[in-house]
**Q** 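Mind having a look at this structure? Questions to follow.
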Number of protein chains: 2
Amino acid sequence: MALSPQSNPQNSDNFATQVLGQLKQDILTGYFNPGEKLKMTRLKERYQVGVSPLREALSQLLVEQLVVVENQRGFKVHPISAEEMEDIYHTRAEIEALCVSQAIDRGDDAWEAGILAAAHQLKKSAELLEEENPEKIQRWEALHQAFHRAIAEGCGSPSLLHVRLSLYEKASRYRNHWLKENMLDRSIFDANQKEHEALTEALLNRDKEKAVEIIRQHILSPYRLLKDSISFD
Amino acid sequence: MALSPQSNPQNSDNFATQVLGQLKQDILTGYFNPGEKLKMTRLKERYQVGVSPLREALSQLLVEQLVVVENQRGFKVHPISAEEMEDIYHTRAEIEALCVSQAIDRGDDAWEAGILAAAHQLKKSAELLEEENPEKIQRWEALHQAFHRAIAEGCGSPSLLHVRLSLYEKASRYRNHWLKENMLDRSIFDANQKEHEALTEALLNRDKEKAVEIIRQHILSPYRLLKDSISFD
DNA sequence: TAATATAAAAACGTCGACATTATTGCTCGA
DNA sequence: TCGAGCAATAATGTCGACGTTTTTATATTA
């Protein structure tokens, strides 16, 4: 259920910024389906704002390629496709590899500590995945994301991290779309956790070649899983 | 002199899209200075539109990090800094290297032909740089950009090209800012042209290692030039 | 019936106006 | 002369309203 922006008192952002976050979530999680038309009347109702902040938020999602626009025909959710999925995941693998590579060169003690902390939290919260609870799965996702962010941030490059985040978000649409139709398999997550441990080890050993190889696989193995079982309609 | 959006009849885009292009140009070329406040009254006058399209355009530039916003304090041109310049140029070098690397793997005959065509045009238009004519320099820039785009497009990855373009634009702010205070040196452009030829040769020979090395230097040598002579105030 | 033309409804993009917030300029007092 | 407090001025962010375009529904004709 969407909250009206005004109801969040601690947030001093303008409506556009607040709506941006909610709208992005709604697109990434699939509340709005790929290709779906985003009628202003509906959006106004859902987020309890006028058209101006909505159009500003949509304009930003336009640049992030999460929506598309056609003059006089309004906004639509950016469609998904096998081609885009392949493109996103492969580019993301390269970018993430770049982050890891640079992080190994530049990461300091605080970077190592951050990785260990995030890895620990992630490992300890494996239980969150034991039931089919979307809320818990999302919490696990947050920790998983934090782990990888902790690694990537070692690269120390804001522009690279900006690109990385954008690609992560685009990819998460596909993951969520897939999750809507498929159960998660315990064995997959076990393998996942193994990769995390191997990655952490390689990073702390500053074994660049190994770490880059692992992160590439870590990004692409979900892709390979999704590729054949996801449906685009 | 800014043109009113309406006066361009062939363009069927909405005002926001049209203003976006002009505004971006004005920021990249330095018509609006880094850090400068973008008052709505002034923008309305310059582009002859209301606040709604303006805010939509600015929202997009926000994502591209060409403007910044503070609630109730409006928009400002994104400030420039030595730190950002270093970050942008280095990330850009990595991304461009990635494009080249993938293009060598995937580029076909049409790709090679496109490079040769663009390289030819670029070489033939060296005379554009012989005088201090901004109009001609800009035309040369367009050809230079087209040459590098022809190369990068061989990678076949829309998402990677999207990132590449964004970084190119951000970097061009710094180049233009530098050009405002400095003359171009003939010898620099001769060296530049030499690099283009070497790059073209390496690409056609599919010599990945060499091509990647050249493109890295080609991106970074302007940076090294700028770094010590540019002023941030 | 099917296709086209026409009318009605809905949706879009833009502007001006308004409330709220920030900034500027001024007065007053030390 | 300088600074604090206060009034005025200006600028921002948002909404509702309006003209235009698109879409849907209805009628017309072959």
Side-chain angles (χ1 to χ4, degrees), chain A residues 2-24 26-27 32-33 35-63 66-79, chain B residues 2-24 26-27 32-33 35-63 66-79:
Chain A
L3 268 176
S4 103
Q6 299 92 319
S7 62
N8 187 352
Q10 88 217 22
N11 197 340
S12 76
D13 285 337
N14 58 20
F15 288 4
T17 308
Q18 299 178 243
V19 165
L20 172 65
Q22 303 182 248
L23 190 48
K24 187 188 276 188
D26 285 338
I27 290 172
F32 293 117
N33 291 115
E36 183 176 351
K37 185 153 188 356
L38 295 167
K39 287 216 189 76
M40 281 300 171
T41 51
R42 184 168 176 208
L43 299 180
K44 278 170 66 175
E45 250 185 39
R46 180 165 175 78
Y47 305 114
Q48 294 293 303
V49 294
V51 290
S52 314
L54 277 172
R55 291 186 61 91
E56 288 175 32
L58 288 163
S59 296
Q60 299 190 48
L61 295 178
L62 201 59
V63 179
L66 293 177
V67 305
V68 292
V69 68
E70 211 172 336
N71 194 27
Q72 295 292 3
R73 249 166 259 194
F75 295 87
K76 286 191 319 186
V77 178
H78 196 294
Chain B
L3 270 177
S4 106
Q6 299 92 321
S7 63
N8 187 350
Q10 86 216 24
N11 196 338
S12 77
D13 285 336
N14 59 17
F15 287 4
T17 308
Q18 299 178 243
V19 165
L20 171 65
Q22 303 182 249
L23 191 47
K24 187 187 276 189
D26 285 338
I27 291 172
F32 293 117
N33 291 115
E36 183 176 351
K37 183 150 190 1
L38 294 167
K39 286 217 189 76
M40 281 300 173
T41 50
R42 182 168 177 208
L43 298 180
K44 278 171 64 175
E45 250 185 39
R46 180 165 174 80
Y47 305 114
Q48 293 292 306
V49 295
V51 291
S52 314
L54 277 172
R55 291 187 61 90
E56 289 174 33
L58 287 164
S59 296
Q60 300 190 48
L61 295 178
L62 203 58
V63 179
L66 293 178
V67 305
V68 293
V69 69
E70 211 172 336
N71 194 26
Q72 295 292 0
R73 247 166 263 191
F75 295 88
K76 285 191 318 185
V77 178
H78 196 294

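All chains are named by letter (A, B, ...) in the order of the sequence lines, taking the proteins before the strands, and each is independently numbered beginning at 1.
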**Q** Which residues, if any, of residues 54-62 of chain B bring a heavy atom under 4.0 Å of DNA chain D?
**A**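 Correct list: B:R55.
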**Q** Starting at atom CD of A:E70, determine the distance to atom C1' of C:dC12, rounded to an integer number of angstrom.
**A** 12 Å
**Q** List the steps and the verdict of side-chain contact (heavy atoms from CB on, under 4.5 Å) for A:R46 and A:D26.
**A** CA-CA 11 Å; A:R46 180 165 175 78; A:D26 285 338; 3.0 Å; yes
**Q** If you assign B:P53 and A:M40 each to the DNA chain C nucleotide with the nearest heavy atom, which residue ends up on the more 5' nucleotide?
**A**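 Whichever sits nearer the 5' end wins; that is A:M40.
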**Q** Considering only heavy atoms from C-beta outward, does the side chain of B:M40 approach that of B:L58 to under 4.5 Å?
**A**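 They are in side-chain contact.
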**Q** Counting heavy atoms from C-beta on, name the nucleotide in C:dC15, D:dT12, D:dT22 closest to the side chain of B:F15.
**A**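 From the listed options, C:dC15 comes nearest.
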**Q** For B:V51 and B:K39, take the nucleotide of DNA chain D holding the closest heavy atom to each; which residue's nucleotide lies nearer the 5' end?
**A**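 Checking each residue's closest nucleotide, the 5'-ward one belongs to B:K39.
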**Q** Could you give the CZ-to-P distance, from B:R73 to C:dT24, as a whole number of Å?
**A** 11 Å
**Q** Take atom CZ of A:F75 and atom C1' of C:dG13, then tell me their distance rounded to the nearest Å.
**A** 10 Å
**Q** Measure CG/A:L20 against P/D:dT14 and give the value in whole Å, please.
**A** 13 Å
**Q** Kindly indicate, with the supporting measurements, whether the criterion side-chain contact (heavy atoms from CB on, under 4.5 Å) is fulfilled by A:F32 and A:L66.
**A** CA-CA 11 Å; A:F32 293 117; A:L66 293 177; over 6 Å; no
**Q** So A:K37, base contact, sugar-phosphate only, or nothing? Heavy-atom distance under 4.0 Å.
**A** sugar-phosphate
**Q** Rounded to the Å, how far apart are A:K44 NZ and C:dA11 P?
**A** 11 Å
**Q** According to side-chain contact (heavy atoms from CB on, under 4.5 Å), who are the partners of B:E45, at least two apart in sequence or on a separate chain?
**A**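 Listed in chain order: nothing, the list is empty.
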**Q** Whole angstroms only, please: what is the CG-P distance between A:N14 and D:dT14?
**A**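 One finds 5 Å between P of D:dT14 and CG of A:N14, rounded.
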**Q** Step by step, work out the side-chain contact (heavy atoms from CB on, under 4.5 Å) result for B:Q18 and B:V49.
**A** CA-CA 10 Å; B:Q18 299 178 243; B:V49 295; over 6 Å; no
**Q** For B:Q48 and C:dT14, give me the distance from atom CD to atom C1', rounded to whole Å.
**A** 14 Å
**Q** For residues A:N14 and B:R55, determine if any side-chain heavy atom of one lies less than 4.5 Å from a side-chain heavy atom of the other.
**A**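 Yes; the side chains approach each other to less than 4.5 Å.
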**Q** Using atom CZ of A:R42 as one end and atom P of C:dA11 as the other, report the distance to the nearest whole Å.
**A**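 After rounding, the gap between these two atoms is 12 Å.
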**Q** Hey, does the side chain of B:K37 reach the backbone of B:R73 with a donor-acceptor pair shorter than 3.5 angstrom?
**A** yes
